[in-house]
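First the structure, in the form of structure tokens, and then the observations on it.
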Amino acid sequence: MWKFLCDSGTEKECLIRQLFGNHEMVGEINEGDTLFLHNRESDYLMGPFEAATDGTMNIVEHAWDGQFPYQVYVAWDDPVYGLPLDQVSDPDQTENPVRLPIRRGFQALSESNTEQLLDALQNHKLSQKIITKR
């Protein structure tokens with residue numbers, strides 16, 4: 001279970017290519033692992049995604065202009081949810097602030113952390129379905 005980062009410039013490419021990348025090794029990622037995508041600029045968390053391949057080097061060498069060579073193909077079932085993390089953790093924005101196990105970088109997640117994120121994505125009142133069947 002892993003959390004990848006993107007920004008406003010790379011998010012679209014991640015979703016169109018169905019490919020997540022990182023500048024650090026992703027070799028411990030195995031096909032079937034649960035993945036999340038966190039837009040660090042908007043502080044928006046998306047998921048769940050599933051690793052469609054093991055993590056490896058340069059699946060698509062020219063993706064993101066070669067900046068993120070450690071890559072994994074992703075797939076998803078219907079639906080994928082999005083959650084504005086800045087709002088769910090801010091007591092001024094929501095009645096029941098949620099403290100989620102999120103660091104700012106690429107992150108391995110425990111089973112417990114993954115369950116917390118899935119619960120928040122699927123059940124929080126600020127969560128939205130952002131990708132549905134094509």
Side-chain angles (χ1 to χ4, degrees):
M1 288 92 39
W2 301 84
K3 178 184 66 77
F4 281 80
L5 286 179
C6 67
D7 61 27
S8 300
T10 59
E11 177 182 328
K12 185 176 180 180
E13 188 169 358
C14 289
L15 297 175
I16 288 172
R17 290 187 188 274
Q18 292 184 249
L19 184 72
F20 292 176
N22 196 36
H23 60 275
E24 298 175 32
M25 183 63 159
V26 296
E28 295 178 23
I29 295 174
N30 298 306
E31 183 176 346
D33 282 353
T34 301
L35 308 175
F36 300 92
L37 187 62
H38 181 199
N39 185 317
R40 62 185 173 84
E41 291 177 344
S42 64
D43 208 15
Y44 200 73
L45 180 71
M46 296 164 268
F49 300 92
E50 181 178 318
T53 61
D54 292 340
T56 191
M57 189 96 175
N58 288 323
I59 294 172
V60 179
E61 199 167 320
H62 61 276
W64 309 287
D65 297 322
Q67 294 179 45
F68 307 106
Y70 298 102
Q71 302 170 354
V72 60
Y73 271 123
V74 301
W76 55 82
D77 289 325
D78 184 44
V80 171
Y81 296 91
L83 187 63
L85 294 180
D86 59 334
Q87 292 179 26
V88 300
S89 62
D90 183 350
D92 295 332
Q93 302 265 352
T94 185
E95 295 169 16
N96 300 310
V98 178
R99 297 285 176 221
L100 295 173
I102 294 291
R103 288 193 337 240
R104 289 285 172 200
F106 174 69
Q107 180 180 2
L109 299 167
S110 69
E111 192 171 319
S112 172
N113 292 159
T114 300
E115 288 173 11
Q116 283 180 278
L117 293 180
L118 287 171
D119 181 62
L121 281 165
Q122 294 169 353
N123 298 312
H124 196 281
K125 69 179 183 179
L126 294 176
S127 180
Q128 303 171 356
K129 291 180 183 178
I130 58 168
I131 301 174
T132 57
K133 294 254 187 227
R134 298 175 197 189

Taking the side chain as everything from C-beta on, heavy atoms only, tell me whether [X] gets closer than 4.5 Å to [Y].
| X | Y | answer |
| --- | --- | --- |
| Asn113 | Gln116 | yes |
| Leu5 | Phe106 | no |
| Tyr70 | Met57 | yes |
| Leu85 | His38 | yes |
| Asp54 | Glu31 | yes |

Closest heavy-atom pair and its distance - [X], [Y]:
| X | Y | answer |
| --- | --- | --- |
| Pro48 | Leu118 | CB-CD2, 3.6 Å |
| Cys14 | Leu37 | CB-CD2, 4.1 Å |
| Ala51 | Ile29 | CB-CG2, 4.0 Å |
| Ser127 | Ala120 | CB-O, 3.9 Å |
| Gln71 | Asn58 | OE1-C, 3.6 Å |

Check your understanding: What do you reckon, are the aromatic ring centroids of Phe49 and Phe36 less than 6.0 Å apart?
Key ->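 No.
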Check your understanding: Trp64: which other cluster members, linking ILVMFWY side chains closer than 4.5 Å, directly or transitively?
Key -> Leu19, Ile59, Val60, Phe68, Tyr73
How far does [atom1] of [X] sit from [atom2] of [Y], to the nearest 0.5 angstrom?
| X | Y | atom1 | atom2 | result |
| --- | --- | --- | --- | --- |
| Thr114 | Trp2 | OG1 | CH2 | 10.5 Å |
| Asp33 | Met1 | CG | CE | 7.0 Å |
| Asp43 | Leu83 | CG | CG | 9.5 Å |
| Leu117 | Thr34 | CG | OG1 | 10.5 Å |

Can you give me every donor-acceptor pair (side chain of residues 20-28, partner residue at least two apart or in another chain, under 3.5 Å) with its distance?
none

Qualifying residues under side chain to side chain contact (heavy atoms under 4.5 Å, CB included), relative to [X], sequence neighbours excluded:
| X | answer |
| --- | --- |
| Gln128 | Tyr44, Ile130 |
| Gln67 | Asp65 |
| Glu41 | Asp7, Ser8, Asn39 |

Exercise for review: Output all residues satisfying salt bridge (charged side-chain N to carboxylate O under 4.0 Å, His left out) with Glu13, sequence neighbours left out; order by chain, then residue number.
Suggested key: Arg17
